[in-house]
Chemist: 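Just passing along the structure, written as structure tokens.
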Amino acid sequence: MEKKLDKQVAIITGASSGIGAECAKQFAYSGATVVINYPRASSKDKTDAIVNEITSNGGVAISYQCDVSKEDEVIKMFADVTAQFGTVDILVNNAGLQKDAKLTEMSLDDWNMVISINLTGQFLCAREAIKEFLRRGDNGKSKSIGKIICMSSVHEKIPWAGHANYAASKGGIMMLMKTMAQEFASKKIRVNSIAPGAIETPINHNAWDTKTHLEDLLKLIPQKRVGMPDDIAKAALWLASDDSDYVNGATLFVDGGMTLYPGFEDNG
Ligand code: BGC
């Protein structure tokens, strides 16, 4: 694999499975030193298995436990990674979860949990990353002094009944991302989002785990296939590399056409 991220240090949050794990592998095989963040001790073994896979294939990776919704833990993660590897060049703000319920049945705890991990977590990690990019300045490894990729969703655009907390968090990510991009573009920092559609990961297994569920889901996807983590990781790699140097403040929809109003496919 071409070393498009050679010697750059990347923190990927929520990377013990799914999209984050696949980003970790592709970034490592593209030359990055990868910090695979996981949220709690129970995810340590599967995260370490990803680290082992990467290192046995010649890549450089470590696992790091941190709850991205906790300010002190995020500050410590960035300090520890900077102490160990010298700096951070790339952040993939990927950690996120769903706690679905009809609005009238949604508890404040479930609202707060989704907003604090999906949205506040992205703010806290981006803030620490940007502070480090600005402290370090140009290190000759990339045209930008730092790059942030925010994992959003088609639900930054498509309203989603029964998922108000999740959709609100993703709508928030859209404006957080654009505002950060505007604020720091002149400092040579690039901030972009990826909006995945239905990707085969643990977060949505009940949307594709049976034939009926899968058939229903495919009605929403013009390309008639569920996406794979690899589809998203390739887009993340492009956004992290200098190949996308003039792309800033953009959301890249990687969704098999889900945002193309598939209900109108057959004349509405
Ligand atoms: C959600 C998935 C869902 C997909 C398309 C994603 O952001 O996490 O559960 O399948 O959007 O609706």
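Quick caveat, the model's predicted, so the values are computed rather than measured.
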Chemist: Measure the shortest side-chain to side-chain distance between Q84 and V81 over non-hydrogen atoms and say whether it is less than 4.5 angstrom.
Modeler: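 Not touching, per the 4.5 Å side-chain cut-off.
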
Chemist: Is the backbone of V247 close enough, under 3.5 Å, to the side chain of R190 for a donor and an acceptor to pair up by distance?
Modeler: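 Checking the backbone N and O of V247 against the side chain of R190, a donor-acceptor pair under 3.5 Å is found.
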
Chemist: Sequence neighbours left out, what passes salt bridge (Lys or Arg N to Asp or Glu O under 4.0 Å) with D100? Give chain and number order.
Modeler: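 D100: no salt bridge (Lys or Arg N to Asp or Glu O under 4.0 Å) contacts found.
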
Chemist: Taking S244 for its side chain and L239 for its backbone only, find out whether a donor-acceptor pair lies under 3.5 Å.
Modeler: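 Yes, S244 side chain to L239 backbone: donor-acceptor pair under 3.5 Å.
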
Chemist: Could I get the full list of side chain to side chain donor-acceptor pair (under 3.5 Å) partners for D255, not counting sequence neighbours?
Modeler: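 D255 satisfies side chain to side chain donor-acceptor pair (under 3.5 Å) with T259 only.
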
Chemist: Answer whether the closest heavy-atom distance between the side chains of L134 and F184 falls below 4.5 Å.
Modeler: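 Heavy-atom side-chain distance check passes, below 4.5 Å.
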
Chemist: Give me each pair satisfying salt bridge (charged side-chain N to carboxylate O under 4.0 Å, His left out) with a member in residues 105-119, each pair once, sequence neighbours excluded.
Modeler: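 Applying salt bridge (charged side-chain N to carboxylate O under 4.0 Å, His left out) to every pair that reaches into residues 105-119, excluding sequence neighbours, yields nothing.
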
Chemist: Hey, does S193 have a side-chain heavy atom less than 4.5 Å from the side chain of L252?
Modeler: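 Result no, sub-4.5 Å side-chain heavy-atom pair not found.
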
Chemist: Any donor and acceptor pair, going by atom type alone, linking the side chain of N248 with main-chain N or O of V191 inside 3.5 Å?
Modeler: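 Yes.
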
Chemist: Could you tell me whether the side chain of T179 and the main chain of L176 form a donor-acceptor pair under 3.5 Å?
Modeler: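 Here the side-chain-to-backbone pair does not exist.
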
Chemist: Using salt bridge (Lys or Arg N to Asp or Glu O under 4.0 Å) as the criterion, list what pairs up with E53, not counting sequence neighbours.
Modeler: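 Once residues adjacent in sequence are excluded, the partners of E53 under the salt bridge (Lys or Arg N to Asp or Glu O under 4.0 Å) criterion are K25.
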
Chemist: If you count heavy atoms of other groups shown closer than 6.0 angstrom to NZ of K7, is the number above 12?
Modeler: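 Open.
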
Chemist: Take T82 and R136 through the side-chain hydrogen bond (donor to acceptor under 3.5 Å, both in side chains) test and state the conclusion after the steps.
Modeler: CA-CA 10 Å; T82 303; R136 184 238 312 132; over 6 Å; no

Chemist: If you look at every heavy atom in A101 and M106, which pair is closest and at what distance?
Modeler: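 Where A101 meets M106 most closely, the heavy atoms are O-CE, 3.5 Å.
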
Chemist: For Y166, enumerate each residue passing the ring-ring contact (aromatic ring centres under 6.0 Å, His included) test, keeping only those at least two apart in sequence or located in another chain.
Modeler: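 Counting only residues at least two positions away or on another chain, Y166 forms a ring-ring contact (aromatic ring centres under 6.0 Å, His included) with W160.
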
Chemist: Rounded to the nearest 0.5 Å, how far apart are CD1 of I148 and CE of M180?
Modeler: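 The CD1 atom of I148 sits 5.0 Å away from the CE atom of M180.
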
Chemist: Are the side chains of V60 and V34 in touch, meaning some heavy atoms are under 4.5 Å apart?
Modeler: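 A side-chain contact under 4.5 Å is absent here.
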
Chemist: Keeping D67 on the side-chain end and P39 on the backbone end, is there a donor-acceptor pair under 3.5 Å?
Modeler: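 No.
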
Chemist: For side-chain hydrogen bond (donor to acceptor under 3.5 Å, both in side chains), just list the numbers for E132 and T87, CA-CA rounded to whole Å, side-chain angles, deciding distance to a tenth of an Å, and then say yes or no.
Modeler: CA-CA 7 Å; E132 172 54 21; T87 192; 2.6 Å; yes

Chemist: Mind checking what makes side chain to side chain donor-acceptor pair (under 3.5 Å) contact with D48, not counting sequence neighbours?
Modeler: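 For D48, the residues satisfying side chain to side chain donor-acceptor pair (under 3.5 Å) (neighbours in sequence not counted) are K44, S63.
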
Chemist: For a 4.5 angstrom cut-off between non-hydrogen side-chain atoms, does I11 reach M77?
Modeler: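 Of all side-chain heavy-atom pairs linking M77 with I11, at least one is under 4.5 Å.
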
Chemist: Which residues pass the side chain to side chain contact (heavy atoms under 4.5 Å, CB included) test with P229, not counting sequence neighbours?
Modeler: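 With sequence neighbours excluded, P229 shows a side chain to side chain contact (heavy atoms under 4.5 Å, CB included) to E22, I199, T201, given in chain and number order.
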
Chemist: Can any side-chain N or O of N57 pair as donor or acceptor with the backbone N or O of G59 at less than 3.5 Å?
Modeler: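 Judged by distance alone, no pair lies under 3.5 Å.
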
Chemist: Side chain to side chain contact (heavy atoms under 4.5 Å, CB included) with M174: which residues, sequence neighbours excluded?
Modeler: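 Residues passing side chain to side chain contact (heavy atoms under 4.5 Å, CB included) with M174: E156, K178.
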
Chemist: Which residues pass the salt bridge (Lys or Arg N to Asp or Glu O under 4.0 Å) test with D45, sequence neighbours left out?
Modeler: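 Scan of D45 (salt bridge (Lys or Arg N to Asp or Glu O under 4.0 Å), adjacent residues dropped) gives none.
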
Chemist: Would you say the side chain of V68 lies within less than 4.5 Å of the side chain of F123, judging by non-hydrogen atoms?
Modeler: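 SC-SC contact between F123 and V68 ruled out.
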
Chemist: For the hydrophobic clusters of this structure (ILVMFWY residues joined by side-chain heavy atoms under 4.5 Å, transitively), does one cluster hold both F85 and I90?
Modeler: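 No, no single cluster joins them.
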
Chemist: Does the side chain of Y64 come within less than 4.5 Å of K76's, by heavy atoms?
Modeler: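 When only atoms from C-beta onward are counted, Y64 and K76 do touch, with a gap below 4.5 Å.
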
Chemist: Just by distance, do the side chain of W208 and the backbone of N204 share a donor-acceptor pair under 3.5 Å?
Modeler: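 Side chain of W208 to backbone of N204, a donor-acceptor pair under 3.5 Å: yes, one is there.
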
Chemist: Looking at residues at least two apart in the chain, or sitting in another chain, which of them share a side chain to side chain donor-acceptor pair (under 3.5 Å) with E128?
Modeler: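 Partners of E128 under the side chain to side chain donor-acceptor pair (under 3.5 Å) test: K131.
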
Chemist: Looking only at the side chains, is there a donor atom on one of N118 and S169 sitting less than 3.5 Å from an acceptor on the other?
Modeler: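 Per modelled atom types, N118 and S169 side chains form a pair under 3.5 Å.
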
Chemist: Has E73 got a side-chain atom pairing as donor or acceptor with C66's backbone, closer than 3.5 angstrom?
Modeler: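 Side chain of E73 to backbone of C66, a donor-acceptor pair under 3.5 Å: no, none is there.
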
Chemist: As an exercise, state the distance from CE of M228 to CD of E200, rounded to the nearest 0.5 Å.
Modeler: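 The CE atom of M228 sits 4.5 Å away from the CD atom of E200.
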
Chemist: Do D243 side-chain atoms and W238 backbone N/O form a donor-acceptor pair below 3.5 Å?
Modeler: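 Here the side-chain-to-backbone pair does not exist.
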
Chemist: Is there a donor-acceptor pair closer than 3.5 Å between any side-chain N or O of N94 and the backbone N or O of I12?
Modeler: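 No; zero donor-acceptor contacts below 3.5 Å.
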
Chemist: With rounding to the nearest 0.5 Å, note down the distance linking CZ in F133 to CG in L91.
Modeler: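 Result: 6.5 Å between the selected atoms.
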
Chemist: Should the pair K211-E215 be classified as a salt bridge under the 4.0 Å nitrogen-to-oxygen rule?
Modeler: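 Yes, this pair counts.
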
Chemist: Suppose we screen for side chain to side chain donor-acceptor pair (under 3.5 Å). Which residues come up paired with Q65, at least two apart in sequence or across chains?
Modeler: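 Scan of Q65 (side chain to side chain donor-acceptor pair (under 3.5 Å), adjacent residues dropped) gives none.
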
Chemist: For residues 221-234, which residue pairs pass the salt bridge (charged side-chain N to carboxylate O under 4.0 Å, His left out) check, not counting sequence neighbours?
Modeler: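 Sorted pair list: R225-D231, D230-K234.
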
Chemist: Near K187 NZ, under 6.0 Å, is it more than 12 heavy atoms from other residues, nucleotides or ligands?
Modeler: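 At most 12 heavy atoms, drawn from other residues, nucleotides or ligands, come within 6.0 Å of this atom.
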
Chemist: Is the closest side-chain heavy-atom distance between Y29 and I54 below 4.5 Å?
Modeler: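 Y29 vs I54: side chains touch.
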
Chemist: Once rounded to the nearest 0.5 Å, what's the spacing between atom NE2 of H163 and atom NZ of K170?
Modeler: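 The NE2 atom of H163 sits 12.5 Å away from the NZ atom of K170.
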
Chemist: Could you state the interatomic distance from NE2 (H213) to CG (N206), rounded to the nearest 0.5 Å?
Modeler: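 It is 7.0 Å, given to the nearest 0.5 Å.
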
Chemist: Under the criterion side-chain hydrogen bond (donor to acceptor under 3.5 Å, both in side chains), I'd like the reasoning laid out for S142 against D242: C-alpha separation, chi angles, the key distance, then a yes or no.
Modeler: CA-CA 6 Å; S142 170; D242 281 349; 2.8 Å; yes

